[in-house]
Amino acid sequence: MSGFTVADALVEARARGVDRLDAQLLLARALARPRAWLIANDGVVLDATQTHAYLDELARRASGEPLAYIVGEKEFHGLALEVNSDVLVPRADTETLVDWALELLRGPLAAVGAPRVVDLGTGSGAIALAVKHGAMDAQVCAVDASAAALEVAQRNVQRFGLDVRLLCSHWWDALAGQRFDLALSNPPYVAEGDAHLADLRHEPAMALAAGVDGLDAIRQIVAHAIEHLEIGGWLLLEHGHDQAASVSALLARAGFSGINSRRDLAGVLRCSGGFVPATAQG
Ligand code: GLN
C-alpha cells in the first residue's frame with residue numbers, strides 16, 4: 001500500500017472496528033512519535049516499513065489481542081509493567097485490592113515491623129510490585145504456578161529494582177510452615193463456560209477460569225489461608241462481580257473476622273477480605 005497518510009491510517013482502524021485511542025497508540029508507535037504529534041500531522045505519508053508495521057499490529061488488535069500484549073507493556077498502579085501472553089493483563093479494577101492492602105499496611109498492620117506480604121498467583125508481579133512500591137518496609141513474596149509467568153515477573157522485579165521474592169508455587173503449596181501478615185490474590189474466578197471467556201481468549205486460561213462456579217481457586221486459597229497467616233493477619237481476594245457473598249461466606253466458614261468487601265471503579269463489589277481472630281488458631 002502506498003500513499004497511506006496518518007488520517008487514512010486512522011480511518012482504516014475505524015473500518016476494522018479498532019478503538020480510536022488504541023489505533024492512535026499503534027500508529028504513534030509505528031511512526032516512533034508521541035500520540036499528540038499525529039493530530040498536527042494527519043497529512044504525513046507513511047513509508048512502507050511504517051505502513052507494514054502499523055497494519056500488522058492493527059490486524060492483531062482487530063482480532064481481539066489486548067493492546068498490552070502488542071505493545072508489551074501495561075501501566076498498573078503507576079508502574080509500567082512488562083506483559084506478554086504468559087500473564088493476565090493487569091486490570092485497573094485490581095488497583096482496588098492494592099489500595100486496600102496499602103491501607104491495611106498503613107493502618108491496622110502498621111505496628112508490625114517489616115510486615116510479611118504474599119501475592120498468590122502473581123502473574124506479571126503487578127500486585128506484589130505495587131504493594132512493595134507503596135510500602136517499602138514490607139517483605140513481599142510473590143508466587144505463581146506458571147514458570148513462564150515467573151519469568152515475566154522476574155523481569156519486572158528487575159525493571160523497578162524492587163525487592164520482591166519470587167517462588168514457583170501452586171497457591172500455598174511451596175509455602176509450608178511460612179506465615180504472613182497479609183495475603184493477597186487476584187486468582188482465576190471466571191466460571192468455566194462463561195461466555196465472557198471468549199473475549200479473554202488471548203490471555204492464559206489458567207489465570208481466568210476456575211471450575212463450574214469460578215470459585216475453585218478461591219476455595220483452595222481460603223482453605224489453607226489461616227495456617228499461613230498470623231493472628232490479626234489479613235487475606236484479601238479479588239473475585240467476580242457476583243461473588244462477594246459467596247467469597248464472604250467462604251471466609252466466614254474458614255474462621256475469618258472483620259469480613260468486608262470493596263468496590264472497583266465501576267462500583268462493583270470486586271474484593272473481599274477478613275482477618276484472623278485470636279480464636280481462629282489452635
Ligand atoms: N477481571 C478479569 C475479567 O473478567 C478476570 C480476571 C480473573 O479471573 N482474575 O476480565
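Whatever order the structure lists ligands and atoms in, that order sets their numbers, starting from 1.
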With a cut-off of 4.0 Å, which atoms of ligand 1 are near a heavy atom of R91? 2 (C), 3 (C), 10 (O)
Approximate separation, where rounding is to 0.5 Å, of I218 CD1 and S246 OG: 9.0 Å
Any A207 heavy atom less than 4.0 Å from ligand 1: yes
Among V11, L27, V45, find the residue that satisfies the side chain to side chain contact (heavy atoms under 4.5 Å, CB included) test when tested with V6. L27
Which protein non-hydrogen atom lies closest to atom 3 (C) of ligand 1, naming both residue and atom, and how far is it? H196 NE2, 3.5 Å
Evaluate side chain to side chain contact (heavy atoms under 4.5 Å, CB included) for C141 paired with F180, printing each intermediate quantity in order. CA-CA 9 Å; C141 170; F180 299 86; 4.2 Å; yes
Can you name the atoms of ligand 1, numbered from 1 with element, that are less than 4.0 Å from a heavy atom of P188? 8 (O)
Mind telling me whether W172 and H228 have parallel, tilted or perpendicular rings, with 30° and 60° as the class edges? parallel
For the residue pair D99 and T96, confirm or rule out a side-chain donor-acceptor distance under 3.5 Å. no
Heavy-atom nearest neighbour in the protein, as seen from atom 1 (N) of ligand 1, with distance rounded to 0.1 Å: Y189 OH, 2.8 Å
Say whether Q139 and R116, considering side chains only, have a donor N or O and an acceptor N or O under 3.5 Å apart. no
Quick one: does A209 get within less than 4.0 Å of ligand 1, heavy atoms only? no
State the atoms of ligand 1, each with its element, that fall below the 4.0 Å cut-off from a heavy-atom position in N186. 7 (C), 9 (N)
Identify, with sequence neighbours excluded, every residue that meets side chain to side chain donor-acceptor pair (under 3.5 Å) alongside D86. none
Tell me whether P187 has any N or O atom under 3.5 angstrom from an N or O of ligand 1. yes
Between R270 and ligand 1, is there a nitrogen or oxygen pair with a distance under 3.5 Å? no
If you measure from each non-hydrogen atom of D93 to ligand 1, which part falls under 4.0 Å: side chain, backbone, both or neither? neither
